[in-house]
K.L.:
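First, the structure itself, so that you have it in front of you.
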Amino acid sequence: MKLLTHNMLTSKCLKGVSVGYPLGINATEVTTSVVDFDPEFISRLIPKLEWHALKQASDIIGEKGYLPEALIADYENNEEFLKKVHHALLEIEVVSGNLVCPETGRSFPINNGIPNMLLNEDEV
Amino acid sequence: MKLKHLEYQLSSVQPFRNPKILLEQYVTPPHIAACMLHHIQSEHEDISSKIVADLGCGAGCLTIGTATLAASMVYGFEIDVDALSIFQDNIQEFELSNIEAIQCDVKKIPRRFEKMFDTVIMNPPFGTKHNAGIDLEFLKIGVNLASNAVYSLHKSSTRNYVKNMGKIWEKK
């Protein structure tokens, strides 16, 4: 599971959960891969992200302080910054661990890099 | 990439081992998958450098084909753990790093994903196993997730109905 995926997932479909975002991450195995860098693609993704959630996830799973506290202005023209975002979003992979609902503590397992967001019938 | 080459590549994607009838796990044949994806890219340029979702990705034939055609990122959504385990084997075999999979019910994909994808592709369940209407449900979800285009395979007997629904959704 890439951090881009973590940035999009929520536990809002659980009964009684109002926001369910961002999900906590407990990682037991993390790996990094090499993904082709496409600055235009990263620039297009950035407006869709919750920066704070990405920053927090990157601090926990990657290297603390790797990403700045806030999204910088004029990021489209800052290749160094886009490369960092690219690495955090697409190259860090959580192979196994859990995602945790911030409101209920319900945990969603990540196995083989795939988060399991399925709910039991009594949870919906 | 040439159509023949894509079809050859997709012919090595492993299919479901024990297809589950109730989930309508029919394999997308490599020839159909290759024709569909080749058309989407060569006629509409909706794969290369795009972010794409595959709803009900199964063993991943369409997902892998999309990744092979240089999508920036492809998301496969699938409910069934057995299908996903074959999916995972297939991805490793192809050594692709632009694929993500999420195990979830397509009907419960978080709303944050809405309009996140440029293109949505699918070979949805056709709704022939006590689940009438699920094909259109998948299609509607695809329309919500995509900012640009949705490509979906359907039974030809439902063509006019699907066309009409498209017109109704367009008005909303």
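It should be emphasised that the depicted structure is a prediction, and the values quoted were computed from it without experimental measurement. Hydrogens, waters and symmetry mates are skipped; everything else that's a heavy atom, side chains included, is used. Convention: sequence-line order gives letters A, B, ...; per-chain numbering from 1.
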K.L.:
Heavy-atom cut-off 4.5 Å, strictly under: side chain, backbone, both or neither for Glu50(A) against chain B?
P.N.:
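Contact with chain B involves both backbone and side-chain atoms of Glu50(A).
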K.L.:
Check the surroundings of atom NE2 in His44(B): do more than 12 heavy atoms from other residues, nucleotides or ligands lie under 6.0 Å from it?
P.N.:
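Enclosed.
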K.L.:
Would you mind checking which part of Asn116(A) comes under 4.5 Å of any heavy atom in chain B, side chain (CB onward), backbone (N, CA, C, O), both or neither?
P.N.:
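Both the backbone and the side chain of Asn116(A) come within 4.5 Å of chain B.
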K.L.:
To the closest 0.5 Å, what do you measure between CG (Asn98(B)) and OG (Ser33(A))?
P.N.:
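Output value for this atom pair is 10.0 Å.
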K.L.:
Which bit of Val34(A) comes within less than 4.5 Å of chain B, counting heavy atoms only: side chain, backbone, both or neither?
P.N.:
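The backbone, not the side chain.
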K.L.:
Rounded to the nearest 0.5 Å, how far does CG of Leu9(A) lie from CD1 of Ile102(B)?
P.N.:
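The distance works out to 4.5 Å.
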K.L.:
Which bit of Ile99(B) is near chain A, if near means a heavy-atom gap under 4.5 Å: side chain, backbone, both or neither?
P.N.:
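Just its backbone gets close to chain A.
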K.L.:
Are more than 12 heavy atoms from other residues, nucleotides or ligands located less than 6.0 Å from atom CG of Asn18(B)?
P.N.:
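No - once you tally the heavy atoms of other residues, nucleotides and ligands closer than 6.0 Å, there are 12 at most.
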K.L.:
Of all the heavy-atom pairs spanning Ala101(B) and Pro115(A), show the shortest one and how long it is.
P.N.:
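For Ala101(B) versus Pro115(A), the nearest heavy atoms are O-CD, 3.4 Å.
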K.L.:
Counting neighbours of OH on Tyr66(A) that are heavy atoms of other residues, nucleotides or ligands and sit closer than 6.0 Å, is the number greater than 12?
P.N.:
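Yes, because the 6.0 Å sphere around OH of Tyr66(A) holds more than 12 heavy atoms from other groups.
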K.L.:
Are Ile40(B) and Val150(B) connected into the same hydrophobic cluster when the rule is that any two of I, L, V, M, F, W, Y join if their side-chain heavy atoms are below 4.5 Å apart?
P.N.:
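Val150(B) and Ile40(B): separate clusters.
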K.L.:
Would you say Asn112(A) and Phe87(B) make side-chain contact, with heavy atoms under 4.5 Å?
P.N.:
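The answer is no; the side chains never approach within 4.5 Å.
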K.L.:
Is it the case that more than 12 heavy atoms not belonging to Lys155(B) sit under 6.0 Å from its NZ atom?
P.N.:
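Check fails, neighbour count at 12 or below.
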K.L.:
Return the CG to NZ distance between Leu118(A) and Lys108(B), rounded to the nearest 0.5 Å.
P.N.:
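Between atom CG of Leu118(A) and atom NZ of Lys108(B) there are 9.0 Å.
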K.L.:
With Ile114(A) as reference, evaluate Glu100(B), Glu78(B), Gln103(B) under the side-chain contact (heavy atoms from CB on, under 4.5 Å) test and give the passing residue.
P.N.:
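Exactly one pass, corresponding to Gln103(B).
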K.L.:
Among the clusters formed by ILVMFWY side chains lying less than 4.5 Å apart, do Val52(B) and Phe41(A) turn up in the same one?
P.N.:
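Different hydrophobic clusters.
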K.L.:
Hey, does the side chain of Arg44(A) reach the backbone of Lys50(B) with a donor-acceptor pair shorter than 3.5 angstrom?
P.N.:
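Side chain of Arg44(A) to backbone of Lys50(B): no pair is present.
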K.L.:
Please indicate whether Tyr161(B) has more than 12 foreign heavy atoms, meaning atoms of other residues, nucleotides or ligands, lying under 6.0 Å from its OH.
P.N.:
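Counting neighbours around OH of Tyr161(B), 12 or fewer heavy atoms of other residues, nucleotides or ligands fall under 6.0 Å, so no.
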K.L.:
Nearest heavy-atom pair of Leu4(A) and Met116(B): which atoms, and what distance?
P.N.:
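Between these two residues, the closest heavy atoms are CD1-CE, 3.9 Å.
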K.L.:
Which bit of Asp36(A) comes within less than 4.5 Å of chain B, counting heavy atoms only: side chain, backbone, both or neither?
P.N.:
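Neither part.
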K.L.:
Does some side-chain heavy atom of Ile109(B) sit less than 4.5 Å from a side-chain heavy atom of Met117(A)?
P.N.:
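Of all side-chain heavy-atom pairs linking Ile109(B) with Met117(A), none is under 4.5 Å.
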K.L.:
Are more than 12 heavy atoms, taken from residues, nucleotides or ligands other than Glu40(A), located less than 6.0 Å from that residue's CD atom?
P.N.:
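Count not over threshold, so no.
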K.L.:
Side-chain heavy atoms nearer than 4.5 Å, only ILVMFWY residues, links allowed to pass through others: does that put Val35(A) and Ile64(B) together?
P.N.:
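As far as the 4.5 Å side-chain criterion goes, Ile64(B) and Val35(A) are not connected within one cluster.
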K.L.:
Which atoms of Phe108(A) come close to chain B, meaning under 4.5 Å heavy atom to heavy atom: side chain ones, backbone ones, both, or neither?
P.N.:
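Contact with chain B involves no heavy atom of Phe108(A) at all.
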K.L.:
Name the region of Ile42(A), side chain, backbone, both or neither, that has any atom closer than 4.5 Å to a heavy atom of chain B.
P.N.:
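The answer is neither part of Ile42(A).
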K.L.:
Group every Ile, Leu, Val, Met, Phe, Trp and Tyr by side-chain heavy-atom contacts under 4.5 Å, then state whether Leu153(B) and Val13(B) land in the same group.
P.N.:
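Yes, Leu153(B) and Val13(B) fall within the same hydrophobic cluster.
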K.L.:
Set out, in order, the CA-CA distance, both residues' side-chain angles and the distance that settles side chain to side chain contact (heavy atoms under 4.5 Å, CB included) for Lys12(A) and Arg111(B), then state yes or no.
P.N.:
CA-CA 9 Å; Lys12(A) 196 175 181 311; Arg111(B) 297 199 63 174; over 6 Å; no
K.L.:
If you tally heavy-atom pairs under 4.5 Å against chain B, which of Thr5(A), Asn111(A), Thr10(A) wins?
P.N.:
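The option with the most such pairs is Thr5(A).
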K.L.:
Checking heavy atoms, do the side chain of Leu96(B), its backbone, both or neither come under 4.5 Å from chain A?
P.N.:
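Interface part for Leu96(B): neither.
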K.L.:
Is it true that atom CD of Glu76(A) has more than 12 heavy atoms of other residues, nucleotides or ligands lying nearer than 6.0 Å?
P.N.:
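Yes, because the 6.0 Å sphere around CD of Glu76(A) holds more than 12 heavy atoms from other groups.
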K.L.:
If every non-hydrogen atom of Lys2(A) is compared with every non-hydrogen atom of Ser97(B), which pair is closest and at what distance?
P.N.:
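So the two residues come closest at NZ-O, 3.0 Å.
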K.L.:
Nearest 0.5 angstrom please: Lys48(A) NZ to Glu114(B) CD, how far?
P.N.:
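With rounding to 0.5 Å, NZ (Lys48(A)) is 12.5 Å from CD (Glu114(B)).
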K.L.:
Is any side-chain heavy atom of Leu45(A) closer than 4.5 Å to one of Met73(B)?
P.N.:
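Of all side-chain heavy-atom pairs linking Leu45(A) with Met73(B), none is under 4.5 Å.
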K.L.:
What part of Asp118(B) is in contact with chain A, defined as an atom under 4.5 angstrom from a non-hydrogen atom: side chain, backbone, both or neither?
P.N.:
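The side chain, not the backbone.
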K.L.:
Is there a chain of hydrophobic side chains (I, L, V, M, F, W, Y, each step under 4.5 Å between heavy atoms) that links Tyr151(B) to Ile51(B)?
P.N.:
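Unlinked, Tyr151(B) and Ile51(B) end up in two clusters.
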